[in-house]
Amino acid sequence: MLDRRFIVENAEKVKQNCAHRNSPADIDRFVALELARKAKKTEVDQLNQKANEVSKSIGKADPSQRETLKEEGRRLREQTAQAQAELAQLEVEQESIYRAIPNMSHPDAPIGVDDKANLERFRGKTTPRQFDFKPLDHVELGEKLDLMDFEAGARVAGHGFYFLKNEAVLLELALQQFAVQTLLGEGFTPTITPDLARNDVLEGTGYIPRGPETQIYSIENSDLSLIATAEIPLGGLLAGQTIEAEQLPIKLCGISHCFRTEAGAHGRATRGLYRVHQFTKIEMFAFTLPEQSEGMLDYLRDMECRLFDALEIPYRVVDTATGDLGGPAYRKFDLEAWMPGRGEFGEVTSTSNCTDFQARRLNARYKIKGEKGTHFVHTLNGTAIAISRAMIAVLENHQQSDGSVLIPEVLRPWVGKERIEARRK
RNA sequence: GGAGAGGUGGCUGAGUGGUCGAAAGCGUCGGUUUGCUAAACCGAUGAGUGGCUAUAAGCUGCUCCGCAGGUUCGAAUCCUGUCCUCUCCGCCA
């Protein structure tokens, strides 16, 4: 969330930003409520002050005075309770608007209401291959090479679930190893996170666990949900904590399963591994000082480029338009890999600078030695490798005319072979 | 799953109704001492959020002792609920 005072003092800017980001939040109403809230809070404080004074005096008072003072105290506490109730009412209304206000946007982010305004910034080192045969998509490849079983997945858990088999399993583990080892070399602390998290952690990171549009599976009779990304538990890592400024930046690598209901996503791009309910993801996450976050975003994006360049996968880097940023992101870059089977680019990574938007809700702060007070950290997240989508790109880009798939050089140590041979069934 | 113990400031830990935002120790910061380091000694040292003054510093209100309620003029302290942690037992990869 944004700073309340910032909203009041920059109402016009915030309003314009909301327009750019398709947010219906009523900023004028919010500002009015904020002023009313402050006034009411002052009233509550003053009543409390009087009541406290009376309460304190009773202990020292002459016994004959006590009953009169008690009566006075009772009366003041009643008034306080009344004012407090009014304050709470204001806060409830304000909160619902507050939650709908998105983060501010980076001045260089392309302005536009949806993903059509996204701007391609540059391309990866690998250029798309010219195939001298008709490339298959990963589902066909998977079937021919016996790498995935979607039917069995559906029998066991429904549409959107799958079994990985044979080399696909080796490939998944290899992609994990490759990503983790690369990040390890860059000083990221590797973690395996819980795959479930409390709903307040979800909310702190900007995910909404309930409601008709939710992407989140929640666990019945508990306040736990399955995580949609390791960003959630990693953000929660410092929830409610205050750390020393010199510990920043903190670079984390989180390995987790990700679960998404994909509500309302039926129809397009649901074939195969592209849009599934469960996948493994290696995620990068960073806590930084405010002045470090812009540089860190570039760094995370460059890490993603490095990984996909090394996998010899063609991609483009897209600067996400304001209307497509979601709530918490200040700026976001996506890598879209070329997927020959689909004949189009498909999103494989996404990295965001959330500035202090998540930190404020998570209450993650830092303090500078020798200085009074605390400040909110900045949080950033970025996909290192989302296995299912990376697997699509690897299989489709590295398929050969004889039906086999060449394993990218960097994965061979972990796959243990250089090629997935076409099978003779 | 069963039984028990406990959640207090950066940490350890005292505090059972008013003088408690909270002892003491550790840590941290500043100073004295010192050839240097260490030690010793002295002093300072929680956070959030408003207001006043304002270069800065400062002054001041309110809130916060896991969280939410309740009792009371008054709650870290009493009551209820809830979450979490730890120990033991059982079960289990």
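We name chains A, B, ... by the order of the sequence lines, and we start the count at 1 in each one. Hydrogens, waters and symmetry mates play no part in the numbers below; they use all other heavy atoms, side chains included.
Between the P atoms of rG6(B) and rU77(B), the separation comes to 15 Å (whole Å). Taking atom C1' on both rC29(B) and rG35(B), the two are 25 Å apart, rounded to the nearest angstrom. For the P atoms, the distance linking rA54(B) with rG46(B) amounts to 27 Å, nearest Å. To the nearest whole angstrom, the two C1' atoms, one in rU8(B) and one in rA23(B), are 12 Å apart. A gap of 47 Å separates the C1' atoms of rG69(B) and rU55(B), to the nearest Å. Only the C1' atoms considered, rG17(B) is 11 Å distant from rA76(B), to the nearest whole Å. Nucleotides rA22(B) and rC83(B) have their P atoms positioned 33 Å apart, rounded to a whole Å. rC78(B) sits 32 Å from rU60(B) when the P atoms are compared, rounded to a whole Å.
The partner of rA23(B) cannot be assigned: no Watson-Crick or G-U wobble pair with both contacts below 3.5 Å exists in any strand. For rU71(B), there is no paired nucleotide, since no Watson-Crick or G-U wobble pair has both relevant distances below 3.5 Å. For rU63(B), the paired base is rA47(B) (Watson-Crick or G-U wobble, both distances below 3.5 Å). Across all strands shown, nothing is found opposite rA93(B) as a Watson-Crick or G-U wobble partner with both distances under 3.5 Å. Pair check for rG30(B) finds rC42(B); Watson-Crick or G-U wobble, both atom distances under 3.5 Å. Under the Watson-Crick or G-U wobble criterion, with both distances below 3.5 Å, rG9(B) is left unpaired in every strand shown. The nucleotide rU77(B) finds no pairing partner, because no Watson-Crick or G-U wobble arrangement with both distances shorter than 3.5 Å includes it. Pairing of rA54(B), defined by two Watson-Crick or G-U wobble distances under 3.5 Å, is not identified with any nucleotide.
Between the CD atom of Glu244(A) and the P atom of rG46(B) there is a distance of 14 Å, rounded to whole Å. Atoms NZ (Lys367(A)) and C1' (rG9(B)) sit 12 Å apart, rounded to a whole Å. Following rounding to the nearest Å, Gln65(A) (CD) and rG74(B) (P) show an atom-to-atom distance of 19 Å. For the pair Asp200(A) CG and rC84(B) P, the computed distance is 11 Å after rounding to whole Å. In this entry the distance linking CZ of Arg360(A) with P of rA47(B) reads 18 Å, nearest Å. Arg66(A) has its CZ atom 15 Å from the P atom of rG74(B), to the nearest Å. Glu246(A) places its CD atom 13 Å from the C1' atom of rC29(B), with the value rounded to the nearest Å. Atom CD of Glu67(A) is separated from atom P of rU72(B) by 13 Å (rounded to the nearest Å).
For the residue pair Asn199(A)/Tyr207(A), the side-chain donor-acceptor check at 3.5 Å is not satisfied. Residues Glu186(A) and Tyr299(A) have side chains that bring a donor and an acceptor to within less than 3.5 angstrom of each other.
Listed pair Thr374(A) / rG48(B) meets the phosphate criterion, a side-chain N or O lying under 4.0 Å from OP1 or OP2. Proximity of Arg198(A) to the phosphate of rC84(B): a side-chain N or O atom is located under 4.0 Å from OP1 or OP2.
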Residues 42-49 of chain A side chain polar contacts: donor-acceptor under 3.5 Å, at least two apart:
residue  : atom : partner  : partner atom : Å
Thr42(A) : OG1  : Lys38(A) : O            : 2.9
Glu43(A) : OE1  : Lys40(A) : NZ           : 3.1
Asp45(A) : OD1  : Lys41(A) : NZ           : 3.2

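Summarising the local packing, CD1 of Ile208(A) is surrounded by 12 or fewer heavy atoms from other residues, nucleotides or ligands at distances under 6.0 Å. The neighbour count for Ile192(A) CD1, taken as heavy atoms of other residues, nucleotides or ligands under 6.0 Å away, does not exceed 12.
Comparing His375(A) and Ile58(A) by the nucleotide of RNA chain B whose heavy atom lies nearest to each, the residue mapping closer to the 5' end is His375(A). Map Arg365(A) and Asp223(A) each onto its nearest nucleotide of RNA chain B; the residue landing nearer the 5' end is Arg365(A).
No engagement by Arg75(A) is indicated, since no non-hydrogen atom pair under 4.0 Å with the nucleic acid exists. Using a 4.0 Å heavy-atom distance criterion, Leu69(A) is classed as making no nucleic acid contact.
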*Checking salt bridge (Lys or Arg N to Asp or Glu O under 4.0 Å) for the pair Asp309(A)/Arg306(A): CA distance, chi angles, key distance, verdict?*
CA-CA 5 Å; Asp309(A) 283 335; Arg306(A) 219 177 106 182; over 6 Å; no

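A distance of 8.5 Å separates CZ of Arg419(A) from CZ of Arg412(A), quoted to the nearest 0.5 Å.
Between Tyr98(A) and Phe30(A), the ring planes lie tilted relative to each other; the angle falls in the 30° to 60° range.
Of the residues Thr355(A), Thr379(A), Asp356(A), Asn353(A), the one that meets the side-chain hydrogen bond (donor to acceptor under 3.5 Å, both in side chains) test with Ser293(A) is Asn353(A).
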*In the 5'-to-3' direction, what one-character label does each nucleotide of nucleotides 50-65 of chain B receive under the scheme B = base within less than 4.0 Å of a protein heavy atom, S = sugar-phosphate only, - = no such atom?*
S----------BSS--

